[in-house]
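The first residue in the sequence is number 1, and the count goes up from there.
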Amino acid sequence: METNELIVTVLATILTTVISYCGHLLAKNSQALTILRAIEPLAKDAVVAAQKLGVTEYLTGAAKKNHAIQSVIKALSDAGFSIADEQIIANAVEKAYAQQRDLLKQYPQKEKED
């Protein structure tokens, strides 16, 4: 009986450790999923805001993209999230720009003054 009890104790300990680790991973993935769900609408709003900013002052496309990226980073930071990989946000901003191309045309951009 002692061998069986030892095996059960070891298996119970291993099972408890695995369940605890899986719970930790699920919590971590839940936060990542929340961030990913939040990035898309934030990126859309940031792209529109950057485009509107270009109506009153000359901005290059790169400057507008950078402004949109920084806006999303700030919004996420204000909500208590942090993103280690800025490329995720840059990709979301580019996608938002591509999806809203027709909408953005209604904001005429200021021309560069020589």
Step-by-step side chain to side chain contact (heavy atoms under 4.5 Å, CB included) determination, Ile89 to Leu76
CA-CA 10 Å; Ile89 295 172; Leu76 287 172; 4.1 Å; yes

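- Within a 6.0 Å sphere centred on CD of Glu111, heavy atoms belonging to other residues, nucleotides or ligands number 12 at most.
- In summary, of the residues considered (Glu86, Lys74, Glu94), a side chain to side chain contact (heavy atoms under 4.5 Å, CB included) with Ile69 occurs for Glu86 alone.
- A donor-acceptor pair is defined here as one N or O able to donate and one able to accept, closer than 3.5 Å; no such pair exists between the side chain of Glu40 and the backbone of Ala38.
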Table please: side-chain donor-acceptor pairs of residues 46-59 below 3.5 Å, with sequence neighbours left out.
from	atom 1	to	atom 2	distance (Å)
Gln51	OE1	Lys64	NZ	3.4
Thr56	OG1	Leu53	O	3.3

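- The minimum heavy-atom distance between Lys65 and Ala90, with the atom names listed, is CE-CB, 4.3 Å.
- Summarising the geometry, atom NZ belonging to Lys44 is positioned 11.5 Å from atom CG belonging to Leu42; distances are rounded to the nearest 0.5 Å.
- Without hydrogens or angle criteria, Ser77 side chain to Ile73 main chain gives no donor-acceptor distance under 3.5 Å.
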